[in-house]
Amino acid sequence: MRIFCRYSLQLILSHQSRVLCYLNSCSFISAAVMQFNRRWKFGWGRFSEVDLFTDRHESNAETLSQAIRAAASEEPDADGSVLFGQLKGTVVGLRYYSGVVNQGEMVGLVRQPQNPYDRNAVMVANIYGNQVGHIKKELAAAMAYIMDNNLAKVEGVVFSGTKNTYTMPVMLSFWGKEESKNSVLEQMSRRGYKLNTEGGKLKGTPCTILKNAFDNLFEGLMESKDGEKEAAVSVATPLLLHQKQALSWMCARENKAALPPFWEKRGELYYNTLTCFSAKELPERVRGGILADDMGLGKTLTVIALILTNFHKGKPLPVEKCVSRRVLQSFQAICFMSNLFSPITKCVKIIDLYALGAEGSVLFEDLDFAAALSGSTSGTGSKKKKTDKKSSLTQNDLKARTTLIICPLSVLSNWLDQFEQHMDPNVKLNVYLYYGPERNRSKKFLSSQDVVITTIYTNVLQRSLIPLHGISWLRVVLDEGHIIRNPNAQMSKAVLDLKAQRRWILSGTPIQNSVRDLWMLVAFLGLKPFDTREWWNRVIQRPVTQGDRAGLQHLQTLVKCITLRRTKNSEVNGRPLVSLPEKKVYVEQVELSQPEREEYELARTEGKNTIGRYVAEGTVLRNYADVLAILMRLRQHCCHPDLLAKMSSDLATPAELRERLIEKLRLVLASGSDEECSVCLDSVRLPVITHCAHVYCRPCIAQVISTSGQVAHCPLCRGEIKTSELVEFPQEEMEEENITKPERWRTSSKVQALMGNLLRLRSKDSSIKCLVVSQFTRFLTILETPLREHGFSFVRLDGTMTQKKRTQVIQEFQSSAADSPTIVLLSLKAGGVGLNLTAASHVFLMDPAWNPATEEQCIDRCHRLGQKRKVVVTKFIVKDSVEENMVKIQRKKQDLMEKAFGSTNTDRKTSRIDDIVALMEL
DNA sequence: ACCGCCGGGTGCC
DNA sequence: ACCGCCGGGTGCC
């Protein structure tokens, strides 16, 4: 193991400059690191592991697996790859390695630049990273250049002769970017290898069929998941039928020893039907999955029930107080187990104490035991392997007690509330909120908790998660799993590295944009072999993106196996899952007043001219920030004239350029509108603006720059970009802005429309509570004045508020007290999903959003479980304005989002331009 | 014979 | 490898 680590690290280091090779190697090694039965011939490793590490990573607290994982996850997407051709090659040296392969099995090819016999060496390995042999040296010499220079990715399939003792043939496929094709063919032919470019054509499937199939990926996931389970007695809230079903499914996923998808038993061997790999050992099953129920179906409650109901061996979690007969029995079962398998009698003693209902505080005083509890599993590989083989838990595994819940800040308080609400009050559950500067970081302490809740926010995360990495969790629950969609994000990497027996992802929106998003989820769940990027790309992602039906089918199978999803509209036995009150959506047209209309038309004509010019010149994307600014101004006109910020004049010194860029970035961000990053196709995080005025997430664009070699180009306009020229939004300014407000307040048509509605409602029924939603936080500020004037009691929720303040505000609003606020001024994106505002039954959407899903989410904050009244949604749309066009585009946009996984970057760019043309009626 | 031929030793990169 | 290749032994048939 040690030698292996050194070897792999050296491999990494020796090729830092050659990106593909480095990635290739690592993606394999990540899989290979789990393997210990290999006979490594290479004994060179003069450096210590730490030395090697600090060379590449600043922090030496990182673990080996973290680095390898990090590298593995950087394997580029295969989306745009084309097949250059195929070539029959030879694998030699079979007799020196233990790795075996089957007929038709996929193998990986890994460069071994440090091989002492041949620096061109190309290793052949199976999906677990076990070496099978080498590519014959002449061919390896031809391949090395191509692999090292990222000209092509080479993949192998062993098609015959697998029983050979010495050599066997392998079919090599060369994949890469179209522009590298000729160069690769030429390189190979120069060395006397002719790639067969025929017959490799994939039969394309019409996009529409694919799209529908993809839409249906999460449909029908209820089937064959029936069966119900009652929650443990410590859960006070009775579960609804569908929640019992979910609990039953989740327990089964945690306890049952079913084979993971695509594995079957063939004789003595376990066989992977996709890669044709087989192994003697039972493949490690995934204990966990994705709970992708719609919001409001009670995912939180279900997970709480799971935590309390399914401790080790399917027994309920032993909790303090209220020591029922049932709980005692489960303790004894554990004691019995421990006695059988463990020489550590301390463990038994401690569990005995638990069984007697002793105080929690005295239980973990023994330091040795605590250390054993929190002990890292790295280095215990052989033990782990034994576990897998027997498919039973080791005594060490049975010690894990704690469930770690990772959630966005916005739902943190919700978890605490829900625990409070759903627990039997006579039962003491140790729930620790791992948050804030004075959190308790002791491993001993943390691993003695029943539940640790933490947030996954910002850059603090990497540092703050480190104590969490030293702990062997019983279970890790990732709430809002799509927050780790971007595999390059630091927090995604940190999350992948947590050690846990069981892993769950909760998500209301499992696939937002593409297959790509799924990888991170699959990797988190540890679904082998797809936790290695190469295998995911080869077996799932590329086939699906290139329209291969089988690929899509595999994806569907995969998702079905690990996902439970019900929607608000799902039915069980012909009856709806939950009966939500009716929801009605009205659009109220707003007519602008004469002066407003004049101002609007002025701005529109001017904007139309400008944009028309860009369109004619074909420079829309180069001037994208300008275009956005124009659209933004028109949208602001529709709401209130005071929303329009003064534009800075056009100047060009560096400092002023910077100012202007910041100004543009401000326009995009400060309004709260939903700008998407063209790299990750998600809302921008850590926004930066390029000199060509396009906004991206900083990590995304940094990735683009670092992988583009000498000169990097803006993904949107192809203008040259440099890291040094990325402009960030100055932190102080994020909160500023609200100061400059008016001595003389004035109204607007939209304000009038809202106030009319609110007053009418109040006179009809003063107990009705409302959400007033806008993308413009300044509009919310403007609305405060008339609300106050008319004596409305209101609260405000926007992105700038601290968690504490937020919780307080929500509590105030949800209260049924007579003097409680009746209105929430809500910024569209504030808090993200999960907010519970069921006290409100009327929603006023002041301005249309680009993304209709955002609006839906907002409405769902009150139209969800717990809503007693009929929900009425009113959307204000200004007649004859950009807003009307936005509504039209919303539908089209929805379509585009759904099929985005199949579209190219060019498609997305043209769709943006089309949007803009349509908006401006050009 | 500065060759051919024979047969043993040997074998990934 | 039931091969190819290498290099030493050998030398009309």
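The shown structure was predicted, so the numbers you read here are calculated from the model rather than taken from an experiment. Residue numbering restarts at 1 for every chain, and letters A, B, ... go by the order of the sequence lines.
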* To do: List the steps, then state whether side-chain hydrogen bond (donor to acceptor under 3.5 Å, both in side chains) holds for A/Thr162 with A/Gln103.
  => CA-CA 6 Å; A/Thr162 53; A/Gln103 170 115 213; 5.2 Å; no

* Asked: Under 5.5 Å between ring centres and under 30° between planes: true for A/Tyr166 and the base of C/dA1?
  -> yes

* Should A/Lys181 and A/Glu186 be marked as a salt bridge (Lys or Arg N to Asp or Glu O under 4.0 Å) after you check the CA-CA gap, both sets of side-chain angles, and the distance that decides it? -> CA-CA 9 Å; A/Lys181 181 172 178 174; A/Glu186 193 193 317; over 6 Å; no

* Between B/dC12 (C1') and A/Met168 (CE): distance, integer Å -> 12 Å

* Who does C/dC12 pair with, Watson-Crick or G-U, both distances under 3.5 Å? -> none

* Structure fact -> In whole angstroms, the gap separating P of C/dA1 from NZ of A/Lys136 amounts to 15 Å

* Asked: Any side-chain N or O of A/Lys137 less than 4.0 Å from the OP1 or OP2 oxygen of B/dC12?
  -> no

* So which heavy atom on A/Pro529 is nearest to which on A/Trp535, and how close? -> O-CB, 3.6 Å

* Asked: Expressed in angstrom and rounded to an integer, what is the separation of A/Tyr97 atom OH from B/dC12 atom C1'?
  -> 6 Å

* **Spacing of the C1' atoms in C/dC3 and B/dC12 (rounded, Å)** => 16 Å

* Asked: When the distance from CG of A/Leu109 to P of B/dC12 is rounded to whole Å, what number comes out?
  -> 19 Å

* **Interatomic distance at P, B/dG9 relative to B/dC5, whole Å** => 22 Å

* **Between B/dC12 (P) and A/Leu139 (CG): distance, integer Å** => 17 Å

* A/Asn164 has an atom CG; how far is it from atom P of C/dC2, in whole Å? -> 13 Å

* Quantified in whole Å, what is the P atom distance between nucleotide C/dG11 and nucleotide C/dC6? -> 24 Å

* Tell me: CD of A/Gln131 to P of B/dC12, nearest whole Å? -> 13 Å

* Have a look at A/Leu94 and say if it touches a base, only the backbone sugar-phosphate, or nothing, with a 4.0 Å heavy-atom cut-off. => nothing

* Just to confirm, is there a sub-4.0 Å distance from OP1 or OP2 of B/dC12 to any side-chain nitrogen or oxygen of A/Arg95? -> yes

* In whole angstrom, give the distance that lies between atom OH of A/Tyr117 and atom P of B/dC13. => 12 Å

* Tell me, do A/Val107 and A/Val157 make a side-chain contact under 4.5 Å, heavy atoms counted? -> no

* Any donor-acceptor N/O pair under 3.5 Å between B/dC13 base and A/Asp118 side chain -> no

* Asked: B/dA1 pairs with which nucleotide, Watson-Crick or G-U wobble, both distances below 3.5 Å?
  -> none

* Ring-face cation contact, A/Tyr166 with A/Arg95, 6.0 Å cut, 45° max -> no

